Amino acid sequence: MHGAPIASAERPAERAAWLRAELERANYAYYVLDQPDLPDAEYDVLFKELQQIETDQPELITPDSPTQRVGGQVATGFQPVTHDVPMLSLNNGFADEDIIAFDKRVADTLGHTPVEYACELKFDGLAISLRYDDGIFVQAATRGDGATGEEVTENVRTIRSIPLKLKGKNVPKRLDVRGEVLMFKRDFEKINARQREAEQREFANPRNAAAGGLRQLDPKMTAQRQLSFFAYGIGMLQGAEMPPSHSSLLDWYKELGLPVNAERGVVQGAEGLLEFFRKTGEQRDGLPYDIDGVVYKVNQRDEQDKLGFVSRAPRFALAHKFPAQEALTQLLAIDVQVGRTGAITPVARLTPVFVGGATVTNATLHNEDEVRRKDIRIGDTVIVRRAGDVIPEVVGAILDRRPDDAREFVMPTECPVCGSKIERLPDEAIARCTGGLICPAQRKQALWHFAQRRALDIDGLGEKIIDQLVDENIVRTPADLFNLGVRQLSELDRFADKSAQNLYDSIEKAKQTTLPRFLYALGIRHVGESTAKDLAKHFGSLDPIMAASVEELLEVNDVGPVVAESLHNFLSEEHNQMVIEQLRAPGKVTWPEGPPAPKAPQGVLAGKTVVLTGTLPTLSREDAKEMLEAAGAKVAGSVSKKTDYVVAGAEAGSKLVKAEELGVPVLDEEGMRKLLEGETP
DNA sequence: GCACCTCGAGGTCT
DNA sequence: CTCGAGGTGC
């Protein structure tokens with residue numbers, strides 16, 4: 001212990017500071033080092049003394065005081081937090097070959113071998129980002145979609161292994177620590193024992209218990225869950241030098257007092273990776289927490305930077321996952337479900353079986369061919385697993401145990417819901433109900449899609465309500481939703497005045513939306529969220545989209561013949577036009593109109609597609625793009641048969657090669673200028 | 001051939 | 001929330 005206790009009556013501020021330091025030190029020894037050095041009873045005495053001082057003199061409370069861990073303010077909801085540096089996901093590998101291929105790709109890019117990797121465990125918990133300003137814990141946020149998560153600061157504050165204040169002298173100005181919140185197996189057992197005693201439902205697995213714990217509105221509840229944390233990554237860093245390697249980052253974290261898992265190593269090449277994986281597999285069951293694999297990261301930071309990213313995952317890291325746990329069960333039946341687009345999906349009904357931390361009773365079989373490929377018959381004993389430990393999947397049948405009366409799956413010829421013909425186009429894998437909106441199943445799905453969060457976001461319009469509205473023929477199209485009255489709603493089953501009013505208010509609120517949301521909500525085939533955004537951006541408002549020809553639609557980013565055709569068909573359909581008109585009638589759905597629709601591209605390069613590559617001598621890429629677009633050209637990112645010209649500068653790479661292969665004319669900057677002036681280059 | 005998008009699906013927790 | 005199949009764009 002450091003320093004001598006000072007009588008609290010004389011110097012409460014100093015005494016409080018000493019108590020805080022002592023309690024946090026004991027926490028650190030207990031939760032991070034796993035070497036308790038202060039008996040629980042003594043901890044409690046000191047803790048109570050600190051609490052007493054803080055009660056008497058609230059001005060002495062500091063945000064990093066251990067008393068703040070027990071949970072203060074009850075939250076009403078979780079605020080969104082935008083991550084300054086996105087929280088990425090990892091690419092996965094399962095087989096040895098995947099790992100060898102990963103190592104080869106990395107070595108090829110870096111141009112040397114063997115590559116040095118940092119290896120660590122892949123915890124089965126929840127990724128989280130902790131912010132420290134001048135060494136003080138100020139904010140915690142969940143991963144969310146990687147770009148934006150939810151603020152869970154007060155809940156995370158209750159996790160005892162997370163330092164509220166970083167140790168050492170040279171703490172950075174700002175640091176975002178990335179890591180995993182998890183629940184140890186022993187804490188999971190304890191919690192479930194308590195649930196049993198209280199005759200409450202037990203949690204299915206530690207991961208879900210931890211996830212539920214973080215989402216508690218009352219931090220006191222979180223504190224009871226006994227969550228743990230391990231740091232393994234970094235987001236933003238200000239006011240300190242970035243450590244040169246991943247392993248040195250983790251060493252630094254340790255110095256700062258952050259919990260870093262000890263089961264880590266630095267290895268060379270694919271052989272080293274596979275050896276680490278094998279060793280970890282042997283230890284897995286003996287570990288005090290669940291892991292679902294290991295993670296490999298190229299160790300040197302400069303090499304990581306060189307490798308870069310593919311979409312949302314770094315190219316320098318790989319998660320090597322353990323094979324999913326499997327279980328045997330009976331296949332009771334294969335039902336089919338009708339999706340929004342009429343897609344008929346066979347679904348396996350199973351005798352419930354506990355596998356990979358959840359009870360599985362249903363599993364998708366994707367399509368008819370998949371059922372054949374796997375040779376699954378009704379009555380079979382089948383192997384079930386959770387793909388990526390999430391999605392239930394039927395792996396295959398145990399042929400030895402096939403009963404004589406096992407029946408093959410037959411794709412129905414008529415829709416089980418509306419009786420319309422089921423059709424499967426020659427080159428498609430999916431069979432579809434041809435009933436369209438006549439089919440109640442499709443109508444329900446269309447309504448659900450229309451109301452879902454990323455579309456018009458009508459809160460409270462769930463599946464059950466939609467079922468009633470459609471079955472009783474109260475609502476036929478999305479437009480009908482806006483004619484519902486509170487009175488009418490309150491007549492629905494199990495719908496008291498309060499919920500009727502709430503739903504009515506949600507519908508009112510949904511009237512104010514945005515063009516991309518509206519387009520997406522219509523549920524046009526092949527038009528998802530991102531295509532809807534592209535369309536809105538390109539045209540600015542709805543009318544020109546409705547009036548657009550297939551050719552004009554093709555000019556939109558990422559819209560090809562199939563999407564253009566689908567859009568055009570939908571918008572030419574009289575019924576759809578009517579619904580859209582009703583939806584945007586006065587007093588109904590509105591959205592802020594964007595800039596006036598750009599005129600049909602005209603200029604010397606109208607309708608031409610140009611690709612830029614390399615560095616041009618005098619123009620920046622942006623400028624060149626602007627000039628080309630001003631002349632009516634579409635500037636694409638990669639070379640294809642549809643490309644009319646490639647403008648190549650210095651250090652042009654594969655795009656130039658591709659252009660030459662395809663015989664696409666290649667211009668330099670000079671040639672591009674001539675082209676823009678209407679000359680033939 | 002690769003990257004991306006759309007679509008569909010199941011289970012747990014709030 | 002997450003995954004996987006299939007499809008699309010280039």
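Residue numbers begin at 1 in each chain, while the letters A, B, ... track the order of the sequences. Everything numeric in this text was worked out from a predicted model, so none of it was measured.
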Q) Just by distance, do the side chain of A:Arg385 and the backbone of A:Glu393 share a donor-acceptor pair under 3.5 Å? A)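 A pair under 3.5 Å: no.
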Q: Keeping the roles fixed (side chain from A:Arg143, backbone from A:Met87), state whether a donor-acceptor pair exists under 3.5 Å.
A: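 Here the side-chain-to-backbone pair exists.
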Q. For DNA chain B, whose closest nucleotide is more 5', that of A:Gly357 or that of A:Ala343?
A.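 Final value for this comparison: A:Ala343.
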Q. Taking a pair as Watson-Crick or G-U wobble with both distances under 3.5 Å, which nucleotide is matched to C:dG9?
A.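 Result: B:dC2.
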Are OP1 or OP2 of [N] and a side-chain N or O of [X] less than 4.0 angstrom apart?
X: A:Asn362; N: B:dA9; value: no
X: A:His526; N: C:dG7; value: no
X: A:Thr364; N: C:dG4; value: no

Q: Taking only Lys NZ, Arg NE, NH1 and NH2, and the carboxylate oxygens of Asp or Glu, determine whether A:Lys464 and A:Asp467 approach each other closer than 4.0 Å.
A: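 So A:Lys464 does not pair with A:Asp467 through a salt bridge.
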Q) Closest to the A:Arg349 side chain: C:dT2, B:dA9, B:dG10? A)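 It is B:dG10.
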Q: State, to 0.1 Å, how close A:Asn367 and A:Ala429 come at their nearest heavy-atom pair, and which atoms those are.
A: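 In terms of heavy atoms, the two residues are closest at CB-O, 3.6 Å.
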Q: Scan A:Asn205 against the nucleic acid and name what it touches under 4.0 Å (heavy atoms): base, sugar-phosphate only, or nothing.
A: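 The answer is nothing, as A:Asn205 stays clear of every strand by at least 4.0 Å.
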Q. Just how far, in rounded Å, is C1' of B:dT12 from CZ of A:Arg201?
A.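 Roughly 7 Å, once rounded to whole Å.
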